[in-house]
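Side-chain atoms are counted along with the backbone in the values below, which use heavy atoms only and exclude waters and symmetry mates. Read the numbers this way: they start at 1 and go in the same order the structure lists the ligands and their atoms. Predicted model, so just to flag it, every value in this text is computed and none were measured. Along the sequence shown, residues are numbered consecutively beginning with 1.
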Amino acid sequence: MNTNPRLKGQSALVTGANSGIGKAVAIAMGNEGANVVVNYVTHPETAQAVVDEIKSNGVNAIALAADVSKEDQVVAMFQAMYKEFGTIDILVNNAGLQKDSAFENMSLADWQLVIDVNLTGQFLCAREATREFLRRGVVPERSIAAGKIICMSSVHEVIPWGGHVNYATSKGGIMLLMKSMAQELAPKKIRVNSIGPGAIQTPINHTAWETPEALKSLLTLIPYNRIGQPEDIGKVAVWLASDESDYITGTTIFADGGMTLYPGFSTNG
Ligand code: BGC
């Protein structure tokens, strides 16, 4: 039981919240007193399990299906959220995927899918949330800001990633989407930031950690010498959504055990 919840009475929408980082973020927000929308595309039972876990802490939660790359589905999801919770205070643009291949073999379909979900999906959800933040304005009892948007980026917004050109491109795009939104919306008291996770132990990168050899090789990229856990990101997201970070906008916080420190140069160069 959290006696001093930092997001008390606020309403949060977390996209792609039925697994991995999104699930941990949704649960962490619920633990801090937020009502949470658990967005998902497939496997409703996994979304319902997250909802049940959040509700066991005494806050409200609902699962809403929507493909974030489809405008009509995104609009319908936000309308359903407002019907249930009245409004939105926090958007976590988390949904994302990888479709990896050598560059010369990359199909247009795999390029397009990754850009659509990872980048256009963040635009569509952020636009809907912004419209509601602007309509409603600041509610001082809940937060100093009129709204908070957190974009799930990656270390690959700055680290180039061969074999994953579509994914790295989407994350590079998120960086300037986030910063440009932050610049435009700051005067309206809307804060926009990103989290740049490194290697977090989730299904998206299972090949990087599921054998001892793979994990050993991965750890050569992480000075802090451990793979990240989804909860590491949940904690950062809660802080970025709370008034504790009220003066922070337009920034990416890398939560990566030092992956962006170019560890190859510690004994070379
Ligand atoms: C990717 C993971 C990868 C990590 C570090 C993330 O953005 O989704 O697959 O392990 O970056 O390279």
J.: Looking at A66, is its backbone amide N or carbonyl O close enough to the side chain of N39 to form a donor-acceptor pair, meaning the two atoms are under 3.5 Å apart?
T.: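 Yes: the side chain of N39 pairs with the backbone of A66.
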
J.: Checking the N or O distance criterion of under 3.5 Å, is ligand 1 in contact with H156?
T.: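 Yes.
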
J.: Note the single closest protein heavy atom to atom 6 (C) of ligand 1, along with its residue, its atom name and the distance in Å.
T.: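 Checked against all protein heavy atoms, atom 6 (C) of ligand 1 sits closest to Y167 OH, 3.5 Å.
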
J.: Okay, side chain of Q201, backbone of I227: is any donor-acceptor separation there less than 3.5 Å?
T.: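 Between the backbone of I227 and the side chain of Q201 there is no qualifying donor-acceptor contact (under 3.5 Å).
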
J.: Looking only at side-chain N and O atoms, does E157 offer a donor or acceptor that is under 3.5 Å from a partner on T252?
T.: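 There is such a pair (donor and acceptor under 3.5 Å, judged by atom type) between the side chains of T252 and E157.
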
J.: Which atoms from ligand 1 have a heavy atom of S154 less than 4.0 Å away?
T.: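 By the 4.0 Å cutoff, the relevant atoms are 6 (C), 7 (O), 11 (O).
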
J.: Do S69 and D116 pair up side chain to side chain, a donor and an acceptor below 3.5 Å, judged on atom types alone?
T.: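 No, no side-chain donor-acceptor contact under 3.5 Å.
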
J.: Which of the atoms in ligand 1, numbered in the order shown and given with their element, are less than 4.0 Å from a heavy-atom of Q98?
T.: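 Going through ligand 1 atom by atom, the ones under 4.0 Å from Q98 are 1 (C), 2 (C), 8 (O), 9 (O).
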
J.: Does A208 have a non-hydrogen atom less than 4.0 Å from ligand 1?
T.: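 No heavy atom of A208 comes that close to ligand 1.
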
J.: So, does M259 sit close enough to ligand 1 that a heavy atom of it is under 4.0 Å from the ligand?
T.: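 It does; at least one heavy atom falls under 4.0 Å.
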
J.: Is there a donor-acceptor pair closer than 3.5 Å between any side-chain N or O of D256 and the backbone N or O of G196?
T.: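 The answer is no, because no donor-acceptor pair under 3.5 Å joins these two groups.
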
J.: Give the residue, atom name and distance (to 0.1 Å) of the protein heavy atom nearest atom 3 (C) of ligand 1.
T.: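 Result for atom 3 (C) of ligand 1: W161 CH2, 3.7 Å.
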
J.: Tabulate below the donor-acceptor pairs under 3.5 Å that side-chain atoms of residues 179-187 make, not counting sequence neighbours, or state none.
T.:
unit_1: S180; atom_1: OG; unit_2: L176; atom_2: O; d: 2.7

J.: To the nearest 0.1 Å, how far is atom 4 (C) of ligand 1 from its closest protein heavy atom, and which atom is that?
T.: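 Here the nearest protein heavy atom works out to G198 O, 3.5 Å.
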
J.: Can you report which non-hydrogen protein atom sits closest to atom 10 (O) of ligand 1, along with the distance?
T.: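 Among all protein heavy atoms, the one nearest atom 10 (O) of ligand 1 is N205 ND2, 3.2 Å.
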
J.: With no hydrogens and no angle check, is any side-chain donor or acceptor of N205 less than 3.5 Å from a backbone partner on A208?
T.: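 Between the backbone of A208 and the side chain of N205 there is no qualifying donor-acceptor contact (under 3.5 Å).
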
